[in-house]
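Below is one structure, written out as structure tokens; comments come after it.
Here the structure is a predicted model, which is why all the values come from computation and not from measurement. This chain uses plain numbering: 1 for the first residue, then up along the sequence.
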Amino acid sequence: MLLTSVLYREAEGEVWVSCKIPGKPTIRGSLTSKGISSDEVPEVTASEEFVVQEVTKNRIPVSCPGENISCTFLSPYASFSHIHEKNVSYLDISSGGDLGVSSSTDQTFKVWETHNTEVKSVLEGHTRDVFSCKFFPSGQEVLSGGLDSLVKVWSVNDGSCLATMKGHRGSILDIAVVADGQNVISSGQDGTARLWDSAQGACIAVVDDSYSPINAIAVAEVGNAVNLGSPKETPSNREVGTEGKLVVLAREDKSLEGVSLHSRQSVFDFEGSDAFNCCTFISSVGVLAGGLDGNIIHVDIRNPKSAVETVSWSETPVLSLVPFRDTYVASYGNGTCYIPLKGSEQVLQLTGPNRQPVFQVAAWKKLVYTCCRDGFIRKYEIPDLG
């Protein structure tokens with residue numbers, strides 16, 4: 001199923017909506033806003049192909065008659081563009097939900113407070129664009145990597161650089177924090193994934209070395225769900241919290257590989273239909289990976305020979321995937337963001353961007369944050385999905 005639209009940004013106007021269900025012709029129609037009522041609810045009507053259900057202040061539920069499918073459009077709770085002057089390329093939210101960190105193609109990299117969006121610290125030290133930035137579990141440090149081939153650790157409080165890790169021969173494409181953050185992982189354009197001692201800034205091991213760029217990584221505790229093997233050599237005493245963990249590598253060459261972080265042994269290798277841009281764990285055995293062709297692949301690491309499910313909410317590239325409650329949030333190159341409702345033919349679509357790529361999504365409790373090429377960071381309050 002594919003359902004897309006350009007959503008309301010004006011009190012009055014018309015937008016086009018299309019719904020694509022595999023094996024059936026695309027259903028096309030329109031939604032029209034005739035204004036805002038006295039209680040601030042949009043007055044929305046639909047062409048005969050669609051039905052508008054009960055509209056609220058920031059929700060527009062739409063369904064297709066004769067099809068067991070519906071989509072609810074949710075507008076942002078807040079949006080702001082003052083933190084960066086250009087594209088916002090990455091963001092993350094701290095474990096306590098009180099801080100955000102974001103980077104931009106204007107080469108700025110900042111920590112800000114979520115309740116008032118005031119900048120807390122400016123992180124200066126990367127010489128080129130920052131492609132990825134993530135909080136440590138404590139919320140007191142930030143990990144980053146970018147075009148200058150460097151991985152860095154920063155203090156949230158004063159913006160100082162605590163460690164710099166050198167070793168990649170190309171851009172850093174993704175990063176991940178292991179356990180409490182004594183170890184971190186990075187992946188790069190050079191086709192390597194590296195395990196680091198974050199305090200000393202030293203490389204502990206090259207976890208994987210392939211010819212293809214590793215666009216994204218995800219790490220999680222999988223326990224005894226699969227055979228992770230045993231290390232061939234005694235691990236360094238600087239290696240902390242790698243036991244029982246699997247790191248998933250999403251590559252440019254269409255492969256999705258699972259590697260034991262402790263033994264460095266390959267656990268599975270799945271071939272997709274196009275380059276993989278992003279990946280995430282949705283359970284201890286379930287992995288999602290998003291492709292350049294718009295497909296989201298669900299793989300069970302216990303039986304990875306074939307996908308559990310393949311879905312496509314858009315025909316444009318999947319740019320990010322983030323677990324959210326018992327489902328996930330997916331963002332795309334055409335500015336759409338979807339939250340599928342588990343076990344049903346319903347989907348929540350986050351509105352706001354005008355066909356501008358949504359590069360990254362972050363979630364905290366009921367809140368979802370997105371960053372976009374239009375320079376805006378948007379904040380959504382997600383209702384109960386039951």
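Side-chain contact check for C278 versus T280: every heavy-atom pair is 4.5 Å or farther apart.
Note on residues 90-119: pairs passing ring pair (Phe, Tyr, Trp, His ring centres under 6.0 Å), not counting sequence neighbours, are F80-W112, F109-W154. Within the structure, side chain to side chain donor-acceptor pair (under 3.5 Å) contacts touching residues 176-185 (residues at least two apart or in different chains) are D180-Q182. Within the structure, side chain to side chain donor-acceptor pair (under 3.5 Å) contacts touching residues 225-234 (residues at least two apart or in different chains) do not occur.
Looking at S149, its side chain does come within 3.5 Å of a backbone N or O of G170 through a donor-acceptor pair. A side-chain donor-acceptor contact under 3.5 Å links D148 to the backbone of T127. In this structure, S312 contributes its side chain and N295 its backbone to no donor-acceptor pair below 3.5 Å. With hydrogens and angles disregarded, no donor-acceptor distance shorter than 3.5 Å links the side chain of S132 to the backbone of L173. When atom types are taken as modelled, the side chain of S255 and the backbone of E257 share no donor-acceptor pair closer than 3.5 angstrom. Side-chain atoms of S104 never come within 3.5 Å of backbone atoms of V88 as a donor-acceptor pair (strictly under, hydrogens ignored).
A salt bridge is absent between K152 and E124: the closest approach of a Lys/Arg side-chain nitrogen to an acidic carboxylate oxygen does not fall below 4.0 angstrom. Ion pairing between K245 and E221 holds under the 4.0 Å rule for side-chain N and carboxylate O.
Remark: the S273 side chain and the D293 side chain contain an N/O donor-acceptor pair separated by less than 3.5 Å. Using modelled atom types and a 3.5 Å distance limit, the side chains of Q107 and H126 yield no donor-acceptor pair.
None of R251, R194, K134 except one satisfies the salt bridge (charged side-chain N to carboxylate O under 4.0 Å, His left out) rule with D174; the exception is K134.
Under a hydrophobic clustering in which Ile, Leu, Val, Met, Phe, Trp and Tyr are joined whenever their side-chain heavy atoms come within less than 4.5 Å, directly or via other members, L256 and I217 fall into different clusters.
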